[in-house]
Each structure stands twice: as structure tokens, then as C-alpha cells.
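In what follows, a single structure is set out as C-alpha cells and then discussed.
In this text the structure is predicted, and so the values were computed from the model without any measurement. In listed order, ligands and their atoms are each counted from 1. The chain is numbered in sequence order, starting from 1.
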Amino acid sequence: MVAIENTQIVLASRPVADIDPKTTFRVQKESLSGELGPNEILVKVLYISLDPAMRGWMRDVRSYIRPVRIDEVMRSADVAQVIKSNNTNYKVGELVRATCGWQEYAVLKPSEDLVKIKAFPGVSPSTYLGVLGMTGLTAYFGLYEVGEIVKKGGPNCTVVVSGAAGATGMVAAQIAKHVFGCRVIGIAGSPDKCDYLVKELGLDAALNYKSKTFFKDLCAVTPKLIDIFFDNTGGDILDACLRRIAFRGRIIVCGAISTYNDATPKGPAYYSALITQRARMEGFIVFDYAKQYGKAIEDMSQWIKEGKLQSRETIVHGIESAPDALVKLFKGENTGKMLVKVAEEDTRSRL
Ligand SMILES: NC(=O)c1ccc[n+]([C@@H]2O[C@H](COP(=O)([O-])OP(=O)(O)OC[C@H]3O[C@@H](n4cnc5c(N)ncnc54)[C@H](OP(=O)(O)O)[C@@H]3O)[C@@H](O)[C@H]2O)c1
């Protein structure tokens with residue numbers, strides 16, 4: 001095999017506040033011989049998942065995962081295609097989900113992190129990073145395990161989802177609405193996104209959190225208060241929903257993107273509502289439910305087939321567009337899952 005030139009993007013410095021794509025990252029090239037050790041496989045990255053969590057991985061602080069090191073390839077979940085294999089379990093042409101990072105090629109060894117994709121007809125490989133990937137799973141387990149939607153769901157249950165037009169939020173909102181029949185209100189950052197939530201995803205209402213009348217609007221659409229709040233944003237939106245939380249309401253603390261770039265984040269002002277309303281606010285990390293991913297993917301695949309779950313993606317092209325695209329995620333320039341398409345799948349060799 002001739003040597004392969006591999007473009008990689010590494011973390012060059014740790015941002016203190018907003019990410020500056022030019023100084024935070026550096027592009028470098030390496031030459032891969034294509035020689036593989038025992039059980040190794042060589043993969044070509046097709047899609048890179050861009051996630052708000054990446055901002056946390058750049059901080060040198062205690063977290064659920066170690067920080068990305070300076071000069072290390074930026075970490076990401078990816079869908080890739082096997083192009084050479086020294087492992088009988090992975091055949092050339094097969095698709096895998098793995099943490100390859102921001103690079104065009106990777107040499108991988110079998111690990112918990114390397115998962116074969118059982119692609120079904122009509123579903124793009126990119127779906128395995130979105131609705132059927134980490135963000136879809138986050139929505140599923142947040143609702144089931146933290147929100148206790150099986151117990152609470154139904155037409156009398158009001159669910160509010162922040163970041164509702166994003167990758168995780170759009171799945172959470174659709175499951176609550178179309179699987180559990182709840183009254184669902186989405187919160188997003190533009191009139192277009194609000195239209196999308198109501199007209200295309202069929203939510204009961206959608207509110208623009210940037211509107212001056214946001215809190216008044218929230219009160220108007222939650223006359224029976226909020227039973228489950230699926231929070232992706234934290235900050236002022238969390239505070240507004242704390243003020244509307246129902247007796248024994250649940251706040252699923254999925255993410256807090258509004259605070260990730262803050263050098264010194266501030267806490268919620270209205271958390272005492274948890275006391276007065278005997279409500280519960282609980283964080284979780286999707287990886288805790290890894291053993292149950294199979295069942296969740298089965299359920300969600302079925303909901304896609306039944307038309308209960310739609311997928312939406314914002315795709316940018318080329319490995320070198322990853323740094324700018326990550327910044328766009330923080331500016332709300334995505335609807336649905338934000339992805340970088342690095343290469344086309346070779347369908348001729350797919351088994
Ligand atoms: N707990 C877990 O295991 C887990 C797993 C995956 C993701 N998460 C978290 O879930 C959240 C959503 O992640 P995602 O991957 O699905 O991303 P995403 O929602 O697809 O993209 C981020 C969205 O956040 C919104 N946003 C950005 N800045 C904001 C601000 N200051 N205030 C309010 N909204 C803001 C933007 O939408 P607008 O245009 O609406 O502002 C943007 O499109 C993140 O907080 C992430 O960290 C948690």
C-alpha cells in the first residue's frame with residue numbers, strides 16, 4: 001500500500017472564553033505507511049460529529065473524560081469506513097463508529113469505543129452520529145432515566161425542551177410529543193427555528209428565547225406549569241423554567257451551552273423553586289447507559305420507520321472547516337445535528 005497523507009487538526013491552545021479557530025487549533029499533515037499491527041484496522045473518516053461538549057474537553061479541569069492535550073488531535077466521535085484490515089471481525093468496506101478525532105484517516109484497535117454500524121437501507125451513515133448516535137441516545141436516556149417519562153408522560157404532561165432545534169433537543173422534543181403524547185413546547189434562538197419546530201416537527205408551541213417577551217410568552221404557553229424540562233442550555237432559560245416548574249417537576253440537566261464559553265459561569269438564581277415545588281434537577285452523561293444503547297437504537301429506528309422521529313442535519317464539507325463549524329454551533333448556525341463531511345462512502349466495497 002502506498003503511503004497516505006493524513007490531514008489532522010490538533011488543539012494548539014486552551015481558549016479562556018470564546019474559541020478563536022485560528023489560535024485554538026492547528027492543521028498538520030502526517031504520512032501513514034498503511035502498515036498495520038496485529039488486529040489493527042485502517043479507517044477513512046466519513047463524518048465528524050461536532051459537539052458543544054468539545055468546549056469542555058479543551059479545559060484542563062476535572063470532568064467525566066480527560067481533557068484533550070495540547071498538540072493532540074482534537075477528539076471527536078466519527079463514522080468511518082474500513083479501508084484495510086488485519087482483524088477478521090472488521091472487513092474492508094464496513095462502517096464503524098469510533099473516536100478517530102479531527103483527521104482524515106485513523107489506525108484503530110478493537111475497543112469498547114469501536115462499534116460496527118448495522119446500516120439499514122435508506123439511512124445515511126451520518127444518522128449514526130445524530131438521531132441514532134450520541135445525541136439521539138442522550139435525548140432518549142435523558143427522558144427515560146432522568147425525566148421518568150414512562151411514568152409522567154401523556155397528554156396531561158407539559159414538557160419544555162431548550163435547544164429544541166438542535167441535535168439533542170429535536171429528538172427529545174419529538175419523543176415526548178410523538179411517542180409519549182405530551183404537550184411539548186420547544187425553545188430556540190430564531191423565528192425560523194421556531195417555525196421548524198411547530199410546522200415540521202409538530203410541537204404544540206415554540207418560543208424564541210431572544211424575544212423581549214420570552215418569559216411572558218413562556219407563562220402563556222405553560223398554564224399548567226412545566227412537568228418535565230429537558231435543558232440543553234442552562235443560564236437565563238433555565239431560570240425562566242425554574243420559575244414555571246410544576247409540583248414534583250423534573251429538570252433534566254443535559255447541557256448548559258449558554259455557559260460553556262464563560263470564564264466564570266454564574267449559577268441559577270431561582271433554584272429555590274426546587275424546594276418550594278419539591279422538584280428535582282438531575283444531571284447525567286449518556287455514556288452511563290452504554291449497555292442499553294442497543295435497545296434504544298432499536299426503538300428509535302422503529303420510530304423513524306413509523307414517521308415519529310425525523311432527522312435533520314447541518315453539514316459542512318472538508319476536514320479543515322471543523323474549527324469554524326464548531327464556533328458556528330455556539331452561534332446557533334446549525335439546525336439539527338452539526339457534522340463535517342470528510343469523505344464520500346465507497347459503496348462499491350460495502351458488504
Ligand atoms: N449529558 C450528556 O451526556 C450530553 C450529551 C450530548 C450533548 N449534551 C449537551 O446537550 C446540549 C445540546 O448539544 P447538541 O450536540 O445537541 O448541540 P445542538 O443543540 O445541536 O447545538 C447547539 C445549539 O445551542 C444553542 N445555543 C448556543 N448558544 C446558546 C446560548 N447562549 N443560549 C441558548 N442556546 C444556545 C444554539 O441554538 P439556538 O439557535 O436555539 O440558540 C445551537 O444551535 C449541549 O449543552 C451539550 O453539551 C449533553
* Can you tell me how far the CE atom of M74 sits from the CZ atom of R26, to the nearest 0.5 Å? -> 14.0 Å
* Any T24 side-chain heavy atom under 4.5 Å of L11 side chain -> yes
* Report yes or no: is the cationic atom of R55 (NZ for Lys, CZ for Arg) under 6.0 Å from the centre of the six-membered ring of F330, at an angle within 45° of the ring normal? => no
* Just jot down the ligand 1 atoms closer than 4.0 angstrom to any heavy atom of T233, in number order. => 33 (C), 34 (N)
* To do: Give yes if a backbone or side-chain nitrogen or oxygen of K331 is under 3.5 Å from a nitrogen or oxygen of ligand 1, and no if not.
  => no
* To do: Just need the protein heavy atom nearest to atom 43 (O) of ligand 1, so name the residue and atom and give the distance.
  => N334 OD1, 2.5 Å
* Between K193 and ligand 1, which part of the residue brings a heavy atom under 4.0 Å of the ligand: side chain, backbone, both or neither? -> side chain
* **Presence of salt bridge, R248 and E148, under 4.0 angstrom** => no
* Do side-chain atoms of T158 reach the backbone of T222 as a donor and acceptor pair under 3.5 angstrom? -> no
* For atom 13 (O) of ligand 1, which protein heavy atom lies nearest, and how many Å away is it? -> P52 CG, 3.5 Å
* To do: Ignoring hydrogens, just give me the one of F141, F330, Y209, Y289 whose non-hydrogen atom is nearest atom 35 (C) of ligand 1.
  => Y209
* Structure fact -> for atom 40 (O) of ligand 1, nearest protein heavy atom and its distance come out as G189 N, 2.8 Å
* **Part of F287 within contact of ligand 1 (heavy atoms, under 4.0 Å)** => neither
* Measure the distances from the heavy atoms of M338 to every atom of ligand 1 and state whether one is below 4.0 angstrom. => no
Result block: side-chain N/O donor-acceptor pairs under 3.5 angstrom for residues 184-195, not counting sequence neighbours:
| from | atom 1 | to | atom 2 | distance (Å) |
| --- | --- | --- | --- | --- |
| S190 | OG | K193 | N | 3.1 |
| K193 | NZ | G332 | O | 2.8 |
| K193 | NZ | N334 | O | 2.8 |

* In Å and rounded to the nearest 0.5 Å, what is the CG to CD1 distance from D299 to I175? -> 8.5 Å
* Asked: For ligand 1, which atoms have a heavy atom of F284 less than 4.0 angstrom away?
  -> 1 (N), 2 (C), 3 (O)
* **Proximal ligand 1 atoms for A167, defined as those under 4.0 Å from one of its heavy atoms** => 16 (O), 18 (P), 19 (O), 20 (O)
* What atoms of ligand 1 come within less than 4.0 Å of a heavy atom belonging to G255? -> 9 (C), 45 (O)
* Asked: When the aromatic ring centroids of F180 and Y144 are compared, is their separation below 6.0 Å?
  -> yes
* **Heavy-atom nearest option to atom 44 (C) of ligand 1, drawn from I252, N232, L137** => N232
* Structure fact -> CG (D51) and OG (S76) are apart, to the nearest 0.5 Å, by 8.5 Å
* Asked: Starting from atom 7 (C) of ligand 1, which protein heavy atom do you reach first, and at what distance in Å?
  -> T168 OG1, 3.9 Å
* Euclidean distance, R312 CZ relative to K337 NZ, rounded to 0.5 Å -> 15.0 Å
* To do: For A256, take its heavy atoms, then give the atoms of ligand 1 lying under 4.0 Å from any of them.
  => 45 (O)
* Atoms of ligand 1 less than 4.0 Å from A188 heavy atoms? -> 40 (O)
* Asked: Which ligand 1 atoms does G166 reach within 4.0 Å, using its non-hydrogen atoms?
  -> 18 (P), 19 (O), 20 (O)
* Between V286 and ligand 1, is there a nitrogen or oxygen pair with a distance under 3.5 Å? -> yes
* To do: Give a yes or no on whether K116 atom NZ has more than 12 heavy-atom contacts from other residues, nucleotides or ligands under 6.0 Å away.
  => yes
* To do: Give the residue, atom name and distance (to 0.1 Å) of the protein heavy atom nearest atom 23 (C) of ligand 1.
  => L329 O, 4.0 Å
* Asked: About how many Å separate CG of D113 and CZ of R97, when rounded to the nearest 0.5 Å?
  -> 9.0 Å
* Asked: Within the structure, does T138 bring an N/O atom to less than 3.5 angstrom of an N/O atom in ligand 1?
  -> no
* For ligand 1, is there an atom lying under 4.0 Å from some heavy atom of S162? -> no
* Structure fact -> Atoms of ligand 1 under 4.0 Å from any heavy atom of I257, numbered from 1 in the order shown, are 22 (C), 24 (O), 26 (N), 27 (C), 29 (C), 35 (C), 45 (O)
* Flag the pair P110 / N39 as yes when at least one side-chain heavy-atom distance between them is below 4.5 Å, and no otherwise. => yes
* Can you establish whether the number of heavy atoms outside Y271 located under 6.0 Å from its atom OH is more than 12? => no
* Considering only non-hydrogen protein atoms, determine which one is nearest to atom 47 (O) of ligand 1 and report residue, atom name and distance to 0.1 Å. => Y260 OH, 2.8 Å
* Starting at CD1 of I251, measure out to CD1 of I245 and round the result to the nearest 0.5 Å. => 4.0 Å
* Would you mind checking which non-hydrogen protein atom is closest to atom 36 (C) of ligand 1, with the distance to 0.1 Å? => G332 CA, 3.5 Å
* Does some non-hydrogen atom of S190 fall short of 4.0 Å from ligand 1? -> no
* Nearest neighbour in protein (non-hydrogen) for atom 48 (C) of ligand 1 -> C254 O, 3.0 Å
